[in-house]
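Here is the naming used below: chain letters follow the sequence lines, and residue numbers restart at 1 for every chain.
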Amino acid sequence: MKVIDEKLENIDDNIENKATFPKDMWVKCEKCKNLLYKKELEENLYVCKKCGFHFRVNADFRINMLIDNGTFREYFSDLVSKDPLNFVDIKPYKEKLESLYKKTNKNSAVITGIGKLCEKNVAIGVLDFSFFAGTMDSVVGEKIYRLGELAIKKNIPLILVSSSGGARMQESILSLMQMAKTSLIISLLKERSIPYISVLADPTTGGVTASFAILGDINIAEPDALIGFAGPRVIEQTIRQKLPDGFQRSEYLLNHGMIDVIVKRKDLKNKISDILDILSLNLNIAKKAQKHNL
Amino acid sequence: MKVIDEKLENIDDNIENKATFPKDMWVKCEKCKNLLYKKELEENLYVCKKCGFHFRVNADFRINMLIDNGTFREYFSDLVSKDPLNFVDIKPYKEKLESLYKKTNKNSAVITGIGKLCEKNVAIGVLDFSFFAGTMDSVVGEKIYRLGELAIKKNIPLILVSSSGGARMQESILSLMQMAKTSLIISLLKERSIPYISVLADPTTGGVTASFAILGDINIAEPDALIGFAGPRVIEQTIRQKLPDGFQRSEYLLNHGMIDVIVKRKDLKNKISDILDILSLNLNIAKKAQKHNL
Amino acid sequence: MQKFLDFEKPILEIQEEINKLLLDENSDSKLKIEKLEKTCEELKKNIFSSLSVWQKVLLARHPMRPYSLDYINLITDKFIEMHGDRCYGDDGAIVGGIAEINGKSFMIIGEQKGRNIEENIKRNFGMPHPEGYRKSLRLMKLAEKFNMPVVTFIDTPGAYPGLGAEERGQAEAIAHNLQEMIMLKVPIISIVIGEGGSGGALAIGVADVLAMLEYTIYSVISPEGCASILWKDASLANLAASALKLLPENLLELGVIDKIIPEPMGGAHFDIKAMSNNLKKFILEETKKLEALDIKKLLENRILKYKNMGNLFN
Amino acid sequence: MQKFLDFEKPILEIQEEINKLLLDENSDSKLKIEKLEKTCEELKKNIFSSLSVWQKVLLARHPMRPYSLDYINLITDKFIEMHGDRCYGDDGAIVGGIAEINGKSFMIIGEQKGRNIEENIKRNFGMPHPEGYRKSLRLMKLAEKFNMPVVTFIDTPGAYPGLGAEERGQAEAIAHNLQEMIMLKVPIISIVIGEGGSGGALAIGVADVLAMLEYTIYSVISPEGCASILWKDASLANLAASALKLLPENLLELGVIDKIIPEPMGGAHFDIKAMSNNLKKFILEETKKLEALDIKKLLENRILKYKNMGNLFN
Ligand SMILES: [Zn+2]
Ligand SMILES: [Zn+2]
C-alpha cells in the first residue's frame with residue numbers, strides 16, 4: 001500500500017492517477033531535493049529530516065499514527081458511491097471508481113471509525129488524498145455525518161483529518177450539498193459541547209475547507225500545508241498575477257486568523273491528546289456535578 | 001437656548017466652552033462657507049441648503065425633530081453628578097459642572113424620556129454635545145441604563161442619538177465603567193428582542209462609540225459625521241502621518257461595515273419609523289399568536 | 001442597452017416589426033400586428049420548448065435577466081437596505097435588508113450582479129467576498145431576533161477567488177454561514193434566480209424551502225471550470241453542462257430542490273412584473289406553510305432534509 | 001538587559017554589592033552579606049512604603065515587570081496557545097489559550113507587551129487591534145461551550161489608535177466584547193497586571209471578579225493624555241495621575257475592583273515566582289467561589305454589579 005503521494009502542483013485536477021511513487025529505497029525530498037533513505041523517512045513519519053518537509057501520507061498511515069495500536073475499529077466502510085448522476089467523463093465516473101476500489105482497496109475517500117488516542121476514546125475520520133484526491137462526494141459526506149452521530153451517541157470527541165481537493169465534481173450538486181450536511185453534523189456536536197478537532201493537512205481546499213474542515217473547535221494545521229477555498233491556479237487565472245510566497249500555507253492562515261496552531265506531525269498525537277484533556281476536564285466535572293444533583 | 005455648536009476641530013478637548021454661536025441673522029456654513037439665512041437654516045433642520053452640511057444641533061432640537069409634538073415626557077432629569085473623584089482641573093470639575101448647569105439649564109449631557117415617534121411609543125435618549133462635549137459620565141451611563149430598563153418595562157423600542165467626545169475624563173474609571181454598564185442594558189434589550197436603533201451624529205467617538213452607540217440593531221449615521229474610536233488628532237500623533245480624506249466619516253464607516261445606513265436629517269424620523277414598523281411587524285404577530293394560544 | 005442571445009433574435013425581430021407597426025396609423029396594421037403577435041408567441045413556444053441545456057445555461061446568465069434588487073423593488077412594499085458585516089467591510093455583491101410584504105416583515109438577502117462596468121465593479125460581477133457572507137449572516141441573526149422569515153436570492157458565478165478573499169477567510173465565511181443557517185430559528189426560503197455557483201451560492205442557500213426559477217442553474221462548479229478540468233478545454237462547457245445535471249428538473253429529481261418556479265414565456269426578462277408576481281406569491285405561500293410549524297418542528301425538518309442529502313448509495 | 005527605575009537604584013546597588021560578596025570566599029563576607037541584606041530589606045520597605053502616585057505609575061509600566069505569558073508559563077501545568085479571530089488576523093498584542101491548572105481547565109487571555117524591539121513589533125507594545133479583541137471573544141465563547149472559567153490579564157496602554165484599527169472597527173470590537181462578556185455563561189476573573197489603559201483594558205475586563213496587582217493602574221485615559229488635554233502639557237502627567245485616581249486603592253474604594261493582590265516586596269519583578277504563586281492562589285480561590293454559584297446566580301450578580309457601577313449621584 002502506497003503511503004505517500006507525490007506533491008502535485010495542481011490540486012484542482014483529479015491527480016490521483018499521476019501519483020507514481022518510486023519504489024526504490026531512496027526518496028527525493030520535494031522541498032530540499034535531498035535524497036532520503038526511505039526507511040528512515042518512514043520512521044520519521046514521512047517528514048524530511050533535512051528540511052522538515054511533510055510528505056503527504058494516506059489515511060491508513062494517519063490512523064496508525066494517531067490511534068493507539070490495535071484499538072481502531074472502522075465503521076461504515078461498506079458505503080459505496082452509486083454514481084447518481086451517471087456522470088460522463090473521458091472515462092465514465094463509475095469506471096474511475098472501480099479502478100480506484102481495486103487500486104486502493106478502499107471504498108471511498110475517507111476512513112471513519114472509533115479508536116483510542118492516548119487511551120481516550122475518539123471518533124476519527126481521515127480523508128485520503130490518494131483516493132480521488134480526497135474529494136467529498138455523497139459517501140464521504142454520509143460517512144462523516146454518521147461518524148458525527150456516533151460521536152454524539154457515545155459522547156466522545158470527533159477528530160477529522162482533511163486532505164482534499166474539495167467537493168467532487170462528478171457528483172455535482174450532491175457533492176455540494178455535502179458541505180451543508182457535514183456542517184450540520186458539526187453544528188449538532190457543538191450544541192452538545194462535544195469537542196471537535198479539525199486537522200488540516202496538505203492540501204485542504206474548496207468545499208472541504210469551506211465546510212467541516214475550518215469549523216473545528218480547534219483548527220490544527222500541519223506545517224506548510226496548502227489550505228484555502230479557491231485553488232492557487234484558479235486564483236492566478238482570476239487575478240492575472242503571480243501569488244505571493246507562502247500564500248495559502250499554514251503559516252499564512254495562522255497569521256490571518258484561521259488556524260489555532262501549527263503542529264508538526266511528530267507532535268500531533270500528543271498535542272491532540274493534551275487539547276482533549278483540557279477541553280474535557282471541566283465538562284467531566286460538570287457532568288459529575290449534574291449526576292450528583294440528580 | 002443655543003441649538004447648534006460651532007464645528008470644532010478637536011473633539012478630544014472639552015470644547016463646549018468655545019462654542020459661541022453668532023447671534024446675528026446669518027450663519028456661515030462650515031463646509032461650503034456660504035452665508036445662510038438663519039431662519040431658513042433652522043427650517044431646514046440646520047442642514048445647509050447649498051452643500052448639505054449637517055450642523056451640530058443640541059438634544060432639545062433633536063427631540064423636537066424626532067418626537068411627535070407635545071408627546072415627550074422627560075425622565076431622570078434630576079440626576080446630577082457628584083464629582084466622586086474630587087477631580088482637580090484648572091477649574092475644579094464641580095465648578096465646571098455648576099457653570100454648565102446654569103448655561104445650558106440641563107443637569108447632564110443626555111436627555112432621556114418617552115414619547116411618540118410617528119405615533120409609536122419609544123424610549124429616546126439624546127446626547128448633548130453642548131454639555132461637556134456630550135461626554136459620558138456616571139450620570140449619562142445611569143440615565144441610559146434606566147431608559148433601557150424603562151424600554152424593557154414598557155416593551156417599547158429604544159432610540160439613542162449620540163454626539164459625544166467619549167467617556168468623561170473627569171470621572172476616570174467610573175466613566176470607563178459606564179461603557180460596560182450601557183452595553184449591559186443593550187444586552188438585556190437584545191435578549192428580549194426589543195428593537196434598539198442607534199443614531200450616530202457628528203461627532204461620536206471614544207467610549208461612546210465603543211459601547212452602546214455601535215451596538216444598534218440598526219446603526220444609522222447622519223451624513224459626513226465623524227465616527228470612530230480614537231480621535232483623529234490622537235491617530236495622527238500616533239502614526240505620524242496625515243489622515244486620508246473622509247477618514248472616520250459616515251461614508252467611510254458604511255464602506256467598512258460598521259453602519260447600516262446613512263440618513264439625512266430631514267428623512268431621519270420617517271426612516272426610523274419605517275424601521276420600527278418593519279422590525280415589530282412579526283414580533284407583534286408572534287405576540288398575538290402567543291396570547292391566542294394561552 | 002439591450003443584449004439578447006442568438007436564439008432569441010428571431011423573436012426580437014418580430015417584436016421590432018410589431019413595434020414599428022404600432023407607430024404606424026395605417027388601418028390594416030392592427031390586423032398585421034395580431035398576426036405577428038400570434039407568430040411571435042408560437043415562435044417563442046417553439047424555441048423555448050426545445051432549448052438545449054447550454055441554451056438554458058445562457059438564459060440563466062442572460063445579461064437582461066432580473067437581478068436581486070429588481071425583484072426586491074417589485075416584490076416589497078417597503079425595503080430598507082442594510083450594510084456591513086460589523087467587522088471589515090460592506091460587500092456590494094450581496095445586498096440585504098428588512099422588508100415589508102403584504103403586512104409581514106422579511107429579511108431579504110440576495111447576490112447582486114451589475115448591468116454595466118461601473119455597477120459590476122461595485123458588485124464584483126456578483127462574486128461575494130467573505131464580508132458579503134458575514135453581512136448576510138449578521139442580517140439572518142437579526143431576522144432571528146425579530147422573528148422575520150429569511151428569503152435569499154441566489155445569483156452568483158461563485159464566491160470570489162482572489163487574494164483578499166482568501167486572506168479574509170472565504171472558506172471560513174462560507175462554512176460559518178452553513179453552520180449557522182442550519183440552526184437559524186426562523187423559516188428560510190432560498191430561490192435561485194440566475195446562476196447558482198457552487199459554495200458561493202450554498203453559503204446563502206441552506207433553506208427550509210429551496211426553489212429554482214425555470215431557467216436557472218445550480219452546480220458544484222461552472223460548466224467552463226468543469227470542462228477545463230475534464231477535457232482541458234473550457235470551450236467544451238456545453239458538454240460539461242449536460243454532465244453536471246445543473247438544471248432545475250435535475251435537482252428536483254435528485255431531491256435537492258423543492259420546487260421549480262415557472263417563468264413567463266421567453267424567460268423572466270421578457271416580463272419582469274409577471275415573474276415578480278410569481279415570486280411574491282411563492283414566497284408568501286411558502287412562508288405561510290413554514291410559519292404554521294413550530295420552531296422545533298421547523299428545525300427538525302431542516303435537519304432531516306440535510307441529513308438525507310445525497311443518500312443514494314449501493 | 002536589566003532596566004530599573006531611579007528610585008530602585010539604591011536597592012540595586014546594595015544587591016550588586018551582595019552579589020559581589022557572594023563570589024568572594026572571604027570568611028567575613030557572610031556577615032557582611034547578612035547585614036547588607038537587612039539594610040536592603042529596610043531600604044525596600046522605606047522606599048516602597050512611601051511611593052508617590054507617579055512612582056507607582058512607573059512601576060505599573062516597569063520594563064522588567066512580568067507580562068501575561070510570564071505568568072501563564074509559571075501558573076499553568078499545561079497551556080496551549082490558540083490563535084486567530086477566524087475573520088481577519090491574529091493579533092500578537094493579545095494571547096490566549098486553554099490551560100490546565102491543578103486539574104482544572106481554564107481559558108486564559110492576556111494582553112501582551114514585548115521586551116525588545118522585535119517583540120514589541122510583534123506585540124505592538126501591547127496595544128491590541130480589533131482582531132485581538134475578536135480573538136479573545138472567540139476564545140471566551142469556546143470557554144463557555146466547554147464550561148471553562150475565563151481568566152484575563154489586563155496590561156495595555158490602550159487599544160491601538162491607528163488607521164487599520166479604525167478601519168476594522170476598533171470601537172465595534174470593544175463594544176461587542178463588552179456586550180458578550182456581560183452575558184458569558186462561565187465565571188470571568190480579570191486581573192490588571194500592569195497598565196489598565198481605558199477601553200482597551202475594559203474590552204477584556206468585564207468580570208465577576210476584577211482585581212489589581214498592588215503596583216498597577218487603571219484609568220479612562222493615560223496620565224499623559226489627560227495632562228495634555230487639561231494643561232496642554234504631557235509632562236504634567238504626574239499631576240494628572242493623581243487627579244485620575246488610578247491606583248488599586250482608589251478603585252477599591254470606588255467599588256470598581258473587588259480585590260488588591262499584594263506584590264512581593266519591591267514589586268512583582270523582584271520575585272516573579274512569588275507573584276505567580278499569589279496569582280495562582282487567587283485565581284483558584286476565586287474560581288472555586290464563583291463555581292459554587294449556579295449560572296443564573298452568577299449572571300445575576302454580574303449584571304447587578306455593572307448596573308450599580310458609579311451609582312454615586314446627588
Ligand atoms: Zn527536505
Ligand atoms: Zn454649506
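Figure legend: R265(A) and Y46(A) shown without cation-pi pairing, the cationic atom not lying both under 6.0 angstrom from the six-membered ring centre and within 45 degrees of its axis.
If you measure heavy-atom distances from L253(A) to chain D, you find no contacts under 4.5 Å at all. If you measure heavy-atom distances from L142(D) to chain A, the contacts under 4.5 Å come from the side chain alone. Contact annotation for N219(A): both backbone and side-chain heavy atoms come within less than 4.5 Å of a heavy atom of chain D. Contact of I259(A) with chain D is made through the backbone alone, with heavy-atom distances under 4.5 Å. Neither the backbone nor the side chain of A143(D) comes within less than 4.5 Å of any heavy atom in chain A. In this structure, chain A has a heavy atom under 4.5 Å from the backbone of E81(D), while its side chain stays farther away. Proximity to chain D involves both the backbone and the side chain of D217(A), based on heavy atoms less than 4.5 angstrom apart.
Paired with D70(D) under the rule salt bridge (Lys or Arg N to Asp or Glu O under 4.0 Å), one option of R65(D), K113(D), R115(D) passes, and it is R115(D).
Applying the ring pair (Phe, Tyr, Trp, His ring centres under 6.0 Å) definition to pairs two or more places apart or across chains, those involving residues 102-159 of chain D are H129(D)-Y160(D).
Between H256(A) and Y252(A), the ring planes lie tilted relative to each other; the angle falls in the 30° to 60° range.
Residues meeting the side chain to side chain donor-acceptor pair (under 3.5 Å) test with R138(D), sequence neighbours left out: D260(A).
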